[in-house]
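Reviewing the structure listed below.
Counting starts at 1 for both ligands and their atoms, following the listed order. Just so you know, these numbers use all the heavy atoms, side chains as well, and skip hydrogens, waters and symmetry mates.
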Amino acid sequence: MNKEPPRHNVPLPIAILASGKGSNFAAIVNAAKSGYCPVDIRLLISDRANSPALQLARDFGIKTHYISPKDYKNRIEFDAACAKHINDAACKLIVLAGYMRILSDDFVDQFANRIINIHPSLLPSFTGAHAVRDALQYGVKITGCTVHIVNEILDGGPILGQEAMKILDNDTEQSLHTRIHAAEHRLYPRILRELATS
Ligand code: GRF
């Protein structure tokens with residue numbers, strides 16, 4: 001019998017790109033460690049030297065690459081440097097976790113349907129960098145978070161999953177973002193688990 005083993009017996013090799021605090025990254029690491037999420041986090045790439053995500057990755061013993069945008073002429077060359085690390089590590093999926101750079105079309109094409117992102121609103125509402133503030137200012141009563149595939153449209157790719165929550169009368173941007181973060185830490189590992197086991 002020449003039967004391939006079921007996919008979920010082999011952890012899915014992933015790269016995580018993060019610019020900030022790294023709480024989603026940490027949630028994914030913990031989900032991988034507990035066995036809930038069968039992924040093999042091969043590297044963490046950051047564009048910010050002082051990103052806490054970088055230090056977290058070092059603490060977890062995950063390979064890190066800090067790539068400084070200042071060292072590259074343009075976005076295409078910067079993204080090509082990221083792509084080289086990702087390809088060298090044979091990663092099959094790229095997970096954006098608070099990555100604050102817009103990806104070049106070249107990069108998105110190269111990894112078509114293999115890049116996912118988490119966004120702190122119920123897309124397609126409130127795209128962009130200030131989604132939590134924008135939802136509060138608009139006065140919507142329900143918001144949440146979304147995991148989606150990345151395509152050429154900013155925050156516009158196919159939706160893989162969402163979690164919704166009420167906005168409370170006394171919410172501030174900070175209190176709301178804290179609750180959204182908690183939801184993100186459930187949603188991202190759940191979607192990754194689905195992708196890694198399908
Ligand atoms: C999250 O709210 C995510 O939705 C957005 O950036 C934030 C990253 O938070 N894309 P963290 O760095 O994972 O804590």
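Using a 4.5 Å cut-off on side-chain heavy atoms (C-beta onward), Y36 and L192 make no contact. With a 4.5 Å cut-off on side-chain heavy atoms, C82 and Y99 count as touching. Side-chain contact check for L44 versus F60: every heavy-atom pair is 4.5 Å or farther apart.
A side chain to side chain contact (heavy atoms under 4.5 Å, CB included) with Q174 is found for one member of L176, D171, T172 and no other, namely T172.
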Quick one: do V29 and L56 satisfy side chain to side chain contact (heavy atoms under 4.5 Å, CB included)? Show the steps, please. CA-CA 10 Å; V29 173; L56 262 179; over 6 Å; no
What donor-acceptor contacts under 3.5 angstrom involve side-chain atoms of residues 20-27, with partners at least two apart or in another chain?
from: S23; atom 1: OG; to: H185; atom 2: NE2; distance (Å): 2.8
from: N24; atom 1: ND2; to: E184; atom 2: OE1; distance (Å): 3.0

Within the protein, flag every N or O under 3.5 Å from an N or O of ligand 1, and note the pair and distance.
from: ligand 1; atom 1: 2 (O); to: H177; atom 2: NE2; distance (Å): 2.8
from: ligand 1; atom 1: 2 (O); to: E184; atom 2: OE1; distance (Å): 3.1
from: ligand 1; atom 1: 2 (O); to: E184; atom 2: OE2; distance (Å): 3.1
from: ligand 1; atom 1: 4 (O); to: I118; atom 2: O; distance (Å): 3.4
from: ligand 1; atom 1: 4 (O); to: P120; atom 2: N; distance (Å): 3.4
from: ligand 1; atom 1: 4 (O); to: E184; atom 2: OE2; distance (Å): 2.4
from: ligand 1; atom 1: 9 (O); to: H181; atom 2: NE2; distance (Å): 3.0
from: ligand 1; atom 1: 10 (N); to: I118; atom 2: O; distance (Å): 3.0
from: ligand 1; atom 1: 12 (O); to: K21; atom 2: N; distance (Å): 3.3
from: ligand 1; atom 1: 12 (O); to: G22; atom 2: N; distance (Å): 2.8
from: ligand 1; atom 1: 13 (O); to: S23; atom 2: N; distance (Å): 3.3
from: ligand 1; atom 1: 13 (O); to: N24; atom 2: N; distance (Å): 2.9
from: ligand 1; atom 1: 13 (O); to: N24; atom 2: ND2; distance (Å): 2.9
from: ligand 1; atom 1: 14 (O); to: S23; atom 2: N; distance (Å): 3.0
from: ligand 1; atom 1: 14 (O); to: S23; atom 2: OG; distance (Å): 2.5
from: ligand 1; atom 1: 14 (O); to: H181; atom 2: NE2; distance (Å): 3.2

